[in-house]
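Since we're looking at a predicted model, the values are computed, not measured. Here is the naming used below: chain letters follow the sequence lines, and residue numbers restart at 1 for every chain.
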Amino acid sequence: MTTLEYGPLDDGPLEYAPAPEARSIVAIRPSYDLFIDGEFTEAKSEERIVTVNPADEQPLAEVAAAGEADVDRAFTAARRAYEGVWSRLPGAERGKYLFRIARIIQERARELAVLESLDNGKPIKETRDVDVPLAAAHFFYHAGWADKLAHAGLGPSPRPLGVVAQVIPWNFPLLMLAWKIAPALACGNTVVLKPAETTPLTALVFAEICQEADLPPGVVNIVTGAGDTGRAVVAHPEADKIAFTGSTEVGREIARAVAGTGRRLTLELGGKGANIVYDDAPLDQAVEGIVTGIFFNQGHVCCAGSRLLVQESLAEELLPRLRARIERLRLGDPLDKNTDIGAINSAAQLARIRELAEAGANEGAEPWSPACAIPERGYWYPPTVFTGVAQSHRIAREEIFGPVLSVLTFRTPEEAVTKANNTPYGLSAGVWTEKGSRMLWTAARLRAGVVWCNTFNQFDPASPFGGYKESGYGREGGRHGLEAYLG
Amino acid sequence: MADTPARIAVRRTYKLYIGGAFPRSESGRSYPVTSSRGTHLANAARASRKDVRDAVVAARKAFPGWSGRTAYNRGQILYRVAEMMEGRRAQFAAEVMAAEGIGRPRADAVVSAAIDRWVYYAGWADKITHVLGGANPVSGPYLNLSEPEPTGVVGVLAPAGSPLLGLVSVLAPVITTGNTAVVLADEHAPLPAITLAEALATSDLPPGVANILTGHLTELAPPLAAHADVNALDLTGAGDLSRALEESAAGTLKRVLRPGPADWTDPDPGTARMRPFLEIKTVWHPTGT
């Protein structure tokens, strides 16, 4: 086997001509209203929020911040649509609406990709090749379930739950919307969804797509806003079920609020994924996998492989290769097709990353980053690797949600598993080895909902995703994901 | 010839069941247990918060071994529990009659149903993965498999009013799939639970897989619900405490099975009591040459 030799970058980084994706495909309105009962309607609340492009700090648009009265209107519409239309529609017909939506997402794919990159800061190559195609795939996959739910293994006549309250994060705005709305609708529920405060725009285009698909009014309602809006959505008495993706801290709050109400709840929360590399791992692939594991989407990924556990005998060989690979990552304009690492989504998130990285250095771990030009405007953080990390360090225990990798070592498979499981989280893990029996042995012992072996950060609508322990409960995707929306 | 004095019966001491042993409560306390008609039956150990913690430690210690056994082996051990109960039918029936205030034929039916429940779940041990697991057709060159795995340590609040059949109906589905359990027995009718513990102790069930505490629910349930090393709660017997316990469980995001209508006589309860205490793990691997 030949291996790639990266070598030092004596001549400096390779120069690429700029290759920006055209922004003109997107027509952002200066101001957006709420999407309730099939129409964009002015909010009763006079509060507005401004969403900015994190790559240059320029405002993109102003959106309504829904107040309690607005949220109430959305739930009224959703209830009416549930009882009057959606729950009475045969599954096959519900499915056709979802197929339509999938098709329109495909047709407007480039527009959605550019808009997502603008609003979120993630590289266009990711929105174009991952976020948007996967969002369309989620609708296409779930469309086919709508008339086959009796075959899902959840009983002979599964019933929808009613009106579902959904709150989603900013790291994969459109994709998380698809993860939430597609199964809810396929199972016959109607939806009130709140997108994240900093990334509301693709959800509002999705509202247009619902109109374009002639989806009956009230089946999908989108209420934009910040934390207060989110609290009003999850606390609304008309919500029969709550689905939340976000931080473990907020997840706990929601679980407390739901206690005793009998309402159903699924939570997809934080993580501190271990990426275990054994000394017989396929080295080039492992280096790629480590990079994908932590730097995909700037590390704003709940299932990121943020703890690299490398077998001690391999560390000396692996780490220089890893650094050499990271030196080739291109940070900058999210709309440039050559960009690997885009902008950090918000000033608040950047502050959190900085705070934790400082704690890492203060606690005695050693940071390394490549020479990397940081644009003058916008929120940016260079890819960073900490070595000499102890399990007690904050950067080994807390979710950083940024492009920061903590490297720990181990000697035996037992030690690898013990260290990997030494966290209250349990969302994802990776295993790199060419030995099948060791791979299966390790995968079986990892307390995590998704285990990637000799790969990392793969997602598919047919594959259930969700956590163990404090990473939440319930699954999204696949046959298992339907359980969250059926009674 | 002098009269032979009447034989003095040897009474049983009802103790806790923790880590395969039968300790008294570390608190040294007990409480009187009466029949449904108010007759004193025995003194049961009144477990303390410390006993709850000891039981959780025992359950955690037992988890890797029990969940690591083959499903076939777990099924055999559960079947062995049924065998051990069959040999103690008379004792169980007498305790059920006293506790529930029912006659012999109904008590016999309850005991039979409880024994059959172990047989039912014994058969599930190596079937549940067929039903809940499988390959997923992902759009790429990957093998993608999902499998149910046990959640971990489960706190079980046994239902009130069905001290044997109800208890078995909530405990068996939890441990069948590889979880370990800390059970709070029906506070007012705890004796069948301790007799069950004696059957479990002679059934090859590894120490710590099932731990059974007797005592006051208001004292024992809150520390169990708040314990950070408990992964899930079955609140079937929680009664008025249900809301507070669910709130407390949110602190470490425990999976919670809320109280609901239950018909303990249904001979085919299905997967409904196993699914809440299972995690779906999905493993990916590339395919290629």
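Rounding to the nearest 0.5 angstrom, the gap separating the OH atom in A:Tyr473 from the CD atom in B:Glu279 is 11.5 Å. Between the CG atom in B:Asn144 and the CD atom in A:Gln458 there is a gap of 10.0 Å [rounded to 0.5 Å]. How far CD of B:Glu246 is from OG1 of A:Thr261: 7.0 Å, rounded to the nearest 0.5 Å.
Contacts with chain B were tallied for A:Met439, A:His480, A:Glu253; A:His480 has the most, counting heavy-atom pairs under 4.5 Å. Comparing A:Gly155, A:Pro464, A:Ala429 by how many heavy-atom pairs each has under 4.5 Å with chain B, the most go to A:Pro464. Between chain A and the residues B:Arg275, B:Arg243, B:Arg255, B:Glu247, the largest count of heavy-atom pairs under 4.5 Å involves B:Arg255. Interface remark: of the candidates A:Gly478, A:Gly251, A:Pro461, A:Gly472, A:Gly472 forms the most heavy-atom pairs closer than 4.5 Å to chain B.
A donor-acceptor pair under 3.5 Å is absent between the side-chain atoms of A:Arg479 and the main chain of B:Asn136, judged by distance alone. The backbone N or O of B:Gly251 lies less than 3.5 Å from a partner atom in the side chain of A:Arg252, making a donor-acceptor pair. Remark: the backbone N or O of B:Leu253 is not paired with any side-chain donor or acceptor of A:Glu470 at under 3.5 angstrom.
For A:Leu267, the part lying near chain B is the side chain, with the backbone staying farther off; criterion is any non-hydrogen pair under 4.5 Å. Interface remark: A:Leu265 contributes no atoms to any contact with chain B (heavy atom separation under 4.5 Å). Residue contact with chain A, scored on non-hydrogen atoms closer than 4.5 Å, is absent for B:Ser248. Of the atoms belonging to A:Arg256, heavy atoms from both backbone and side chain fall under 4.5 Å from chain B. Heavy atoms of B:Ser242 lying under 4.5 Å from chain A are absent altogether. Residue A:Leu427 does not touch chain B at all, counting heavy-atom pairs closer than 4.5 Å. With a 4.5 angstrom heavy-atom cutoff, B:Val131 touches chain A only via backbone atoms.
B:Val138 approaches A:Ser463 most closely through the heavy-atom pair CG1-CB, 3.9 Å. Minimum interatomic distance between B:Pro137 and A:Ala462 (heavy atoms only, all atoms of both residues): O-CB, 3.8 Å.
Contacts from residues 442-456 of chain A to chain B, taken as heavy-atom pairs separated by less than 4.5 Å, involve A:Ala443, A:Ala444, A:Arg445, A:Leu446, A:Arg447, A:Ala448, A:Gly449, A:Val450, A:Val451, A:Trp452, A:Cys453, A:Asn454, A:Thr455 in sequence order.
For CG of B:Asp240, the number of neighbouring non-hydrogen atoms (other residues, nucleotides, ligands) closer than 6.0 Å is 12 at most.
A 4.5 Å side-chain heavy-atom check between A:Asp460 and B:Tyr142 finds every atom pair outside the cut-off.
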